There are 2 protein chains.
Amino acid sequence: MDIEKVSLKEKFGKFNDYWSPKIVGELNDSYIKLAKFKDEFVWHKHDDEDELFLVIKGRLTIKLRDKDIELNDGELVIIPKGVEHLPVAEQEVQVMLVELKSTVNTGDMSGSAMTVENLDWI
Amino acid sequence: MDIEKVSLKEKFGKFNDYWSPKIVGELNDSYIKLAKFKDEFVWHKHDDEDELFLVIKGRLTIKLRDKDIELNDGELVIIPKGVEHLPVAEQEVQVMLVELKSTVNTGDMSGSAMTVENLDWI
């Protein structure tokens with residue numbers, strides 16, 4: 001078995017597209033993904049999946065219907081299943097995600113132009 | 001529903017004991033845990049659970065039977081189920097873990113003095 005470490009910095013250097021998560025690892029029934037966000041995503045929810053956002057570099061706002069959550073480097077939030085949310089970043093932000101393998105980025109809005117299926121491993 | 005962000009730095013400031021993971025979040029069937037390591041743990045494996053170690057601050061060596069993996073800030077490794085490993089830290093290291101809720105820190109060595117059950121939330 002080939003067990004290798006993952007450098008987040010090195011992986012973030014491998015892509016530049018926004019809102020398109022890349023897989024860097026899997027454990028149990030989950031993927032570890034990295035993504036760069038800029039500007040505004042789409043309001044959505046995941047009916048059956050909780051989702052973790054950890055900011056590695058930059059600033060990310062997760063808008064909820066009743067408040068905004070502001071995340072800086074080293075801050076994370078877990079959005080429970082069923083909760084509508086809208087990620088927004090004024091400047092580019094680097095984010096690590098922990099998600100069930102079944103999770104689609106746009107959740108219940110999976111017909112959106114922002115939807116990414118068949119994610120790449122990097 | 002009360003959704004709050006988690007600052008890793010703030011949480012690491014709340015405890016000083018080594019090898020005793022604290023829970024800071026849950027998603028799906030997993031916990032997000034923080035731990036401080038120093039010196040050497042015990043060789044063990046988790047028969048049914050993969051385990052993620054992300055170094056937040058410091059340097060961590062994960063010894064495997066056939067090689068050592070050296071992790072610095074912003075580097076992670078996933079140890080697959082069944083693989084024996086030994087975490088070692090010459091100096092204090094701050095680590096974020098992603099684990100199934102069923103995971104016990106010492107795995108198959110759960111009779112060890114290092115075993116921690118009934119983890120605290122911080």
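Quick caveat, the model's predicted, so the values are computed rather than measured. Chain A is the first sequence line, chain B the second, and so forth, proteins listed ahead of strands; every chain is numbered from 1.
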Residues 11-36 of chain A vs chain B, non-hydrogen distance cutoff under 4.5 Å, contacting residues -> A:Gly25, A:Glu26, A:Leu27, A:Asn28, A:Asp29, A:Ile32

Using non-hydrogen atoms and a 4.5 Å limit, figure out which bit of A:Leu54 sits close to chain B: side chain, backbone, both or neither. side chain

Closest-packed option against chain B by number of heavy-atom pairs under 4.5 Å, given A:Ile78, A:Val55, A:Asn72, A:Val98: A:Ile78

Under 4.5 Å from any heavy atom of chain B, what part of A:Glu51 do you find: side chain, backbone, both or neither? backbone

Most heavy-atom pairs under 4.5 Å with chain B, out of A:Ile79, A:Leu52, A:Asp48, belong to A:Leu52

Answer yes or no: does atom NZ of B:Lys63 have more than 12 heavy-atom neighbours from other residues, nucleotides or ligands under 6.0 Å? no

Contact origin within B:Ile69 toward chain A - heavy atom pairs under 4.5 Å: side chain

Taken to the nearest 0.5 Å, the spacing of B:Leu60 CG from A:Lys5 NZ works out to 10.5 Å

Whether over 12 other heavy atoms sit under 6.0 Å from A:Glu90 CD: no

Choice from A:Val77, A:Leu100, A:Leu71 maximising heavy atom contacts with chain B below 4.5 Å: A:Leu100

Distance col, row B:Lys9:NZ vs A:Asp73:CG, nearest 0.5 angstrom, shows 11.0 Å

How long is the gap from CD1 on A:Ile3 to CG on B:Leu64, to the nearest 0.5 Å? 5.0 Å

